[in-house]
A.B. asks: 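One structure follows; several queries about it will come next.
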Amino acid sequence: AIKSTVTPAIQQIGQYSLDSANTVDSAYRDMAKTVNGTDQQLQGLRQSAVDFSNTHFTSADQMLEIEAMGGQLGIAVDDLQDFAETASNLDIATDIDSETISKNMGQLANIMDDLQVKADGAHGGMENFADSLARLGNNSPTLESAIMDVSMRIASQSNIIGMTTPQVLAWSTAIASTGQNSEAAGTAMS
């Protein structure tokens with residue numbers, strides 16, 4: 001009697017394990033297509049995604065998907081783990097999903113000099129950006145998604161006139177708090 005109950009349960013657990021491994025393998029292959037790195041770097045990213053998923057809410061395949069998007073948007077292979085962890089944390093801490101925040105952070109890193117990795121190898125301000133965005137959303141009368149929308153609209157013009165990312169976030173928060181839409185804010189800033 002016990003055999004008829006335990007055996008199907010063990011089979012089901014085995015099937016879940018296989019499905020999970022297949023999902024991670026598929027996400028890894030997708031990531032490897034967009035990231036320009038060595039086999040060792042790619043395997044390192046895979047392992048870091050699995051390790052992160054063991055201690056955080058985000059699954060390994062989601063982390064690999066974020067890394068794939070980062071690679072596609074030009075984030076250096078050495079910065080993809082930090083990029084993915086930052087995006088995952090923002091997904092949990094804000095009203096922005098991981099796909100949107102990954103796309104926006106990658107695009108902002110291509111616009112704003114202080115989010116990029118410096119020539120001397122020093123990391124840019126991705127973590128500081130994420131921390132600031134979450135704090136501004138928590139301590140102002142607007143949502144993080146509204147701040148991000150305005151930031152995306154004004155980043156190019158702001159960079160041209162020499163504004164830093166913290167300044168862009170401050171202006172974006174002030175604009176979003178008034179209820180002005182991001183399109184109007186971008187036009188006004190231009």
Side-chain angles (χ1 to χ4, degrees), residues 16-17 19-32 34-35 41-42 44-112 114-117 123-155 164-166 168-177 182:
Y16 288 144
S17 297
D19 291 346
S20 177
N22 287 334
T23 302
V24 171
D25 285 343
S26 176
Y28 172 76
R29 285 190 301 275
D30 290 343
M31 184 267 298
T34 63
V35 174
Q41 289 171 317
L42 297 175
L45 288 171
R46 178 190 181 128
Q47 187 58 50
S48 68
V50 170
D51 293 344
F52 187 82
S53 71
N54 288 331
T55 57
H56 293 78
F57 180 72
T58 308
S59 67
D61 58 297
Q62 289 173 311
M63 290 297 289
L64 290 167
E65 289 169 7
I66 294 169
E67 290 171 351
M69 184 172 290
Q72 188 173 8
L73 293 169
I75 302 298
V77 67
D78 293 335
D79 297 321
L80 282 174
Q81 179 180 351
D82 291 335
F83 174 81
E85 289 176 6
T86 301
S88 170
N89 290 335
L90 278 173
D91 179 25
I92 294 167
T94 68
D95 70 322
I96 309 171
D97 64 84
S98 63
E99 184 177 335
T100 301
I101 198 64
S102 299
K103 181 184 81 164
N104 290 342
M105 281 193 334
Q107 290 172 340
L108 277 176
N110 288 321
I111 297 168
M112 302 301 294
D114 54 351
L115 283 179
Q116 300 171 1
V117 174
H123 288 280
M126 285 284 180
E127 287 182 25
N128 292 338
F129 167 80
D131 187 45
S132 297
L133 179 62
R135 286 176 187 258
L136 288 167
N138 290 336
N139 296 302
S140 64
T142 191
L143 297 171
E144 295 89 353
S145 58
I147 297 168
M148 195 72 217
D149 287 344
V150 175
S151 295
M152 293 301 296
R153 292 286 182 171
I154 70 172
T164 64
T165 301
V168 169
L169 283 171
W171 274 97
S172 298
T173 303
I175 293 167
S177 294
S182 60

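Hydrogens, waters and symmetry mates are skipped; everything else that's a heavy atom, side chains included, is used.
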A.B. asks: Salt bridge or not for Lys103 and Asp97, using N-O below 4.0 Å?
C.D. replies: no
A.B. asks: Do Gln62 and Ser59 have a side chain donor and acceptor closer than 3.5 Å?
C.D. replies: yes
A.B. asks: State whether a side-chain donor-acceptor pair under 3.5 Å links Gln47 with Asp51.
C.D. replies: yes
A.B. asks: Would you say Glu65 and Asp30 make side-chain contact, with heavy atoms under 4.5 Å?
C.D. replies: no
A.B. asks: What is the distance from atom CE of Met126 to atom CZ of Phe83, rounded to the nearest 0.5 Å?
C.D. replies: 5.5 Å
A.B. asks: Applying side chain to side chain donor-acceptor pair (under 3.5 Å), can you list everything that pairs with Thr165, at least two apart in sequence or on another chain?
C.D. replies: Asp114
A.B. asks: Consider only side-chain N and O atoms of Ser88 and Asp91, and report whether a donor and an acceptor are under 3.5 Å apart.
C.D. replies: no
A.B. asks: Which distance, rounded to the nearest 0.5 Å, do you find between the CD1 of Ile101 and the CE of Met148?
C.D. replies: 4.5 Å
A.B. asks: Among Ile96, Asn110, Leu90, which residue satisfies the side-chain contact (heavy atoms from CB on, under 4.5 Å) criterion with Met105?
C.D. replies: Leu90
A.B. asks: With the threshold set at 4.0 Å, does a side-chain nitrogen-carboxylate oxygen contact exist between Arg135 and Asp131?
C.D. replies: yes
A.B. asks: Inspect the surroundings of CD in Gln72 and state if more than 12 heavy atoms from other residues, nucleotides or ligands are less than 6.0 Å away.
C.D. replies: no
A.B. asks: Step by step, would you call Gln41 with Asp78 a side chain to side chain donor-acceptor pair (under 3.5 Å)?
C.D. replies: CA-CA 8 Å; Gln41 289 171 317; Asp78 293 335; 3.3 Å; yes
A.B. asks: When rounded to the nearest 0.5 angstrom, what distance separates CG in Leu143 from OG1 in Thr173?
C.D. replies: 11.5 Å
A.B. asks: I'd like to check the ring pair (Phe, Tyr, Trp, His ring centres under 6.0 Å) partners of Tyr28; sequence neighbours left out, ordered by chain and number.
C.D. replies: none
